[in-house]
Every structure is written in structure tokens, then in C-alpha cells.
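Beneath this line is the structure, given in C-alpha cells, with notes to follow.
None of these values were measured; they are calculated from a predicted model. Numbering of ligands and ligand atoms starts at 1, following listing order.
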Amino acid sequence: MNTPAELVRQHLIDAEICIRCNTCEETCPVHAITHDSRNYVVNFEVCENCRACISPCPTGAIDNYRSVAKSKPYSIEEQFSWDELPPQADPGPTAPSELPEDVVRITGIATSGQGGPNLPPWSAAHPYESLHTLARPALATVSGNYRLTEDGASSAVHHIVLDFGRTAFPVLEGQSLGVIAPGLDAGGKPHHVRLYSVASPRNGERPGYNNLALTVKRVLLDREGNSVRGVCSNYLCDLKKGDQVKVVGPYGTSFLMPNHPGSSLMMICTGTGSAPMRAMTERRRRRAAFKEGGRLMLFFGARAAGELPYFGPLMKLPKDFIDINLAFSRVPDQPKRYVQDLIRERAEDVAEMLCDPECYIYLCGLKGMEAGVNEAFADVCRSREMIWDQVLDGLKRDARFHVETY
Ligand code: NAP
């Protein structure tokens, strides 16, 4: 009689839809993910199945598994040679009642870290995903490239408008796309795809046109302040009107806005993380005449007013349309202020919105802000005799809390 094979769940990446954006490799805390010029792969011996890489992956290529015999997982070399995932092999004789639950193959939706999928708001419009791939990218034409930050500002942030002509590239507010910079890296490999949030509403940067805008900061320093020239950001910021750009996507199925009348948005962002907030705000502004929206509350952090993308247009919005709270961190002779400080200052309104089942919360920008914002929410809850962890569980369960930080 054959002995039942001991099965385990092996984490794999779908080469067919992976756009090689490097997000998974950057995210993996134990460095289990690596790549060659063809594929991104997961080292079975190193992967701890912590799932930290799942949610950030824009395509869902990362969220794939196969049940394999523990003694014979797919090696890295095998995975490098794949064009597509292998079918689920017949594992041979098994003892099903003894299998751990997670041996079952689970499919491609990013999860919320609570065991469930990362869901969009119930009234979100249906997003299109991955219509244009690395093998067949869309070609967009630059129809505008404007500097948003003041000339004397420490960084140059650009508003870049891409026109898709007669190519379908439907997006919703909150979705992102990938840009392929031309050329090869120092190792002779194609550059990674870089992801940018769409800064325009679904009906176009110019309403009724097949165009959209990106908010791109020219990267000249790394996070430690060392000199570095960001490949894709400099490519995009240098583009001229009429230039053509290869684009993949769109991506994103959960960081989407609700559409039902009476729904409110609390938007918290830093720097260029403002891109999706601009898209959502502009969507609401264009529909303001329908009087269908609930509240809009914005917490926006930048170094100074001159560094804040869209400062001018933002300041023109009526106060009864959007409640704007700006935190500036580097204004001479002023104390450093972050978005989390303003959340604490506005505790009463924030608590009200946390408790409002029609309020959806969006957080986008620097990774570092996430912990600070969570602590501020915890303080707000504590002062109202609520427990943030419990509130957060409820927000996630109801798809009311959406985070996109890098
Ligand atoms: P930045 O100018 O470096 O920073 C913006 C503000 O955030 C500054 O006031 C900064 O203060 C503050 N800040 C720094 N650490 C913070 C913390 N722990 N908590 C709260 N605030 C903090 O920002 P950026 O370079 O534009 O970065 C934006 C981020 O958004 C990037 O990580 C980018 O990848 C991401 N993003 C971009 C897009 C896009 O489409 N372009 C989309 C989504 C997300 P200091 O004075 O202390 O630095």
C-alpha cells in the first residue's frame, strides 16, 4: 500500500500576469523573493507564508499556491523557467482528513490580513484590471507636463497628462497604472515597471476625454538622503508634449470610492500620495450639483505650502464642499506638524466619522505615516471610550478602511 504523501502549500508567482514591478521583493521581510530577467520567484525554503507581499501586489500574480509533496517543492530554477503556473498536480494518495486546511489552493484576490479578501466599498463601480500587459502595453501620448511645486521647493512634483487616443484604458479613482521606462538597467535587464496612482476621475482629466493624469515626484535623493536618479520618475518628469509612453494596467480592485448617495470620505495623505485623493475629490466636485455626497474630510501632509501638490486648486474649493486640514512639517519658525497631529486636533469630527457606517477612510503616501495615523486613531478612540483595534476590525470587515502606502 502507498503511504500518503505529506502535502504542503507552496507559494508561487504567476509569471503570466506578473508585471515585474519588484513590489513583492521589496516587501518580503525574509527575502524569500528573487528574480532573474524572466521571472519573479519564491524560495520555498525561506518563505514563512507571512503574506506581507500579498496585498501590495498590483496584479494578484503573487497570490498563487499549489499543494505539493513536502519532499518535492518546486525549486527556484524550475520557477525561473516557467511561462505560466503548472497545473495543480495530482498529489497521489493522500489522507484528506489529516490535511491542514490551508493545503487547499486559494485564488487571486488580495487579503486584508484578517483572513478575508480586501473588498472594495459595496457601492464601488466595477474596476477593469490588467487590460494591458508587459507583452502588450498600451501606448499613451503625453498631452501635458506641468510642474506643481513652486520653483524654490525642495522637490519637483509634476502633473503629467497621458492621452490614450482610441485605446481603451478605463480607470476608477484609486486605481493605479504601471509605466515602463525605456532602456535597460546597469545589469542589462529591462527596468522594473513603476506604479503610479491615477490622479484623475473616471471620466478623464478633461471630462469626456480618454486621458488621465499622474502625480510624479522627480526622485533625486533616496530615503537616506543620498544622491540617486530615479529612473522612471526622471523619465516621466522629462517627457515633452507628444512623446509616447508604454503603460500597463490598470490595477487595483479595493482602494475604490463608494458611489452611493450619502457616503462620506475621510482622506489622509502625504506628498504625492495625494494623487488618488485628487481623483476622488474631483469626482465628487464634478457631481456636486446632484447633491448626493456626504462629507469630505481631507488630512494632507507636506513639507510646506509650496511643496503641496494641487495647493492652489485645493484652496479654491468651497468650505462646505470639503473640510481641508493641512499639516506642514518644514515651515521655518513653525513646529513640525504631521497629519496624525491634525487627526488628534479634530478628534470630535474624526470619532463621528469613524462611527458613521457611511464613512469610508483612505490612507495614501509614505509608509511611515501608517503607524502614526493608527496611533492617532487609537487616541481618538480612547478619548471616546472606544477601542481602536475593535473599531479597525469593523472598518475592515465593512470595507471602510483602505491603505496604500510605500
Ligand atoms: P514627502 O514630501 O517626503 O513627505 C510629505 C510629508 O509627509 C512631509 O511633510 C513629511 O515630513 C511627512 N512625513 C514624513 N514622515 C512621516 C510620518 N511618519 N508620518 C506622517 N507624516 C510624515 O512625501 P513624498 O516624497 O511625496 O512621498 C509620498 C509617498 O507616497 C511616497 O512613498 C510614494 O511612493 C507614495 N505614493 C505615491 C503615489 C503616486 O502616484 N505618485 C501614489 C501612492 C503613494 P518630513 O518633513 O518629516 O519629511
Legend entry - No-hydrogen, no-angle side-chain donor-acceptor test under 3.5 Å, Arg284 and Ser263: yes
Inset, instruction - State, yes or no, whether a side-chain contact exists between Trp388 and Val380 at a heavy-atom distance under 4.5 Å. - result: no
Legend entry - Nearest non-hydrogen protein atom, atom 34 (O) of ligand 1: Tyr406 CB, 3.5 Å
Inset, instruction - Kindly determine whether Asn374 and Leu392 satisfy side chain to side chain contact (heavy atoms under 4.5 Å, CB included), including the steps that lead there. - result: CA-CA 9 Å; Asn374 269 296; Leu392 182 61; 4.2 Å; yes
Legend entry - Distance-only N or O hit between ligand 1 and Glu404, under 3.5 Å: no
Legend entry - Partners passing side chain to side chain contact (heavy atoms under 4.5 Å, CB included) against Ala302 (at least two apart in sequence or in another chain): Leu308, Phe328
Legend entry - Ligand-side contact atoms (ligand 1) for residue partner Arg223, heavy atom cut-off under 4.0 Å: 32 (O)
Legend entry - Test of ring centre spacing under 6.0 Å for Phe255 and Tyr362: yes
Inset, instruction - Establish, yes or no, whether a centroid distance under 6.0 Å links the rings of His158 and Tyr146. - result: no
Inset, instruction - Identify the protein heavy atom lying closest to atom 27 (O) of ligand 1, giving its residue, its atom name and the separation to 0.1 Å. - result: Leu366 CD2, 3.4 Å
Inset, instruction - Please indicate whether any nitrogen or oxygen in Val216 is less than 3.5 Å from any nitrogen or oxygen in ligand 1. - result: no
Legend entry - Which of the ligand 1 atoms, numbered from 1, are nearer than 4.0 Å to a heavy atom of Met369: 17 (C), 18 (N), 19 (N), 20 (C)
Inset, instruction - Report the C-alpha separation of Val68 and Val8 in whole Å, then their side-chain angles, then the decisive distance to 0.1 Å, and conclude whether the side chain to side chain contact (heavy atoms under 4.5 Å, CB included) test is met. - result: CA-CA 6 Å; Val68 295; Val8 288; 3.8 Å; yes
Legend entry - Minimum non-hydrogen distance to atom 12 (C) of ligand 1, winning option of Tyr196, Tyr338, Phe299, Phe328: Tyr338
Inset, instruction - Would you kindly specify which portion of Pro276 sits under 4.0 Å from ligand 1, judged on non-hydrogen atoms: side chain, backbone, both or neither? - result: neither
Inset, instruction - List the closest protein heavy-atom neighbour of atom 19 (N) of ligand 1: residue, atom name, distance to the nearest 0.1 Å. - result: Gln340 NE2, 3.1 Å
Inset, instruction - Kindly compute the distance separating CG (Asn43) from CD (Glu45), expressed to the nearest 0.5 Å. - result: 6.0 Å
Inset, instruction - Write out the residue and atom name of the closest protein heavy atom to atom 43 (C) of ligand 1, then the distance separating them to 0.1 Å. - result: Cys364 SG, 3.3 Å
Legend entry - Under 3.5 Å: N/O of Lys367 near N/O of ligand 1: no
Legend entry - Within 6.0 angstrom of Tyr74 OH, more than 12 heavy atoms from elsewhere: yes
Legend entry - Distance from atom 18 (N) of ligand 1 to nearest protein heavy atom, with residue and atom: Gly368 O, 3.1 Å
Inset, instruction - Can you figure out which of Arg194, Arg337, Lys217 has its heavy atom closest to atom 2 (O) of ligand 1? - result: Lys217
Inset, instruction - For Arg384, look at atom CZ and say whether over 12 heavy atoms of other residues, nucleotides or ligands are found less than 6.0 Å away. - result: yes
Legend entry - Numbered atoms and elements of ligand 1 in range of Lys336, under 4.0 angstrom, heavy atoms: 45 (P), 46 (O), 47 (O)
Legend entry - For atom 6 (C) of ligand 1, the protein heavy atom that lies nearest, with its residue and separation: Gly301 O, 3.6 Å
Inset, instruction - May I ask you to check whether over 12 heavy atoms, not counting those of Lys189, lie within 6.0 Å of atom NZ? - result: yes
Legend entry - Backbone or side-chain N or O of Ser197 under 3.5 Å from ligand 1 N or O: yes
Legend entry - Protein heavy-atom partner closest to atom 26 (O) of ligand 1 - residue, atom, separation in Å: Thr272 N, 2.9 Å
Legend entry - Gly271 neighbourhood, listing ligand 1 atoms whose heavy-atom distance to it stays under 4.0 Å: 5 (C), 23 (O), 26 (O)
Inset, instruction - Kindly identify the option in Arg278, Glu375, Arg303, Arg330 whose heavy atom sits closest to atom 3 (O) of ligand 1. - result: Arg303
Legend entry - Pair Asp398, Tyr360: side-chain N/O donor-acceptor within cut-off below 3.5 Å: no
Legend entry - Closest approach of any protein heavy atom to atom 8 (C) of ligand 1, naming residue and atom: Ser329 OG, 3.5 Å
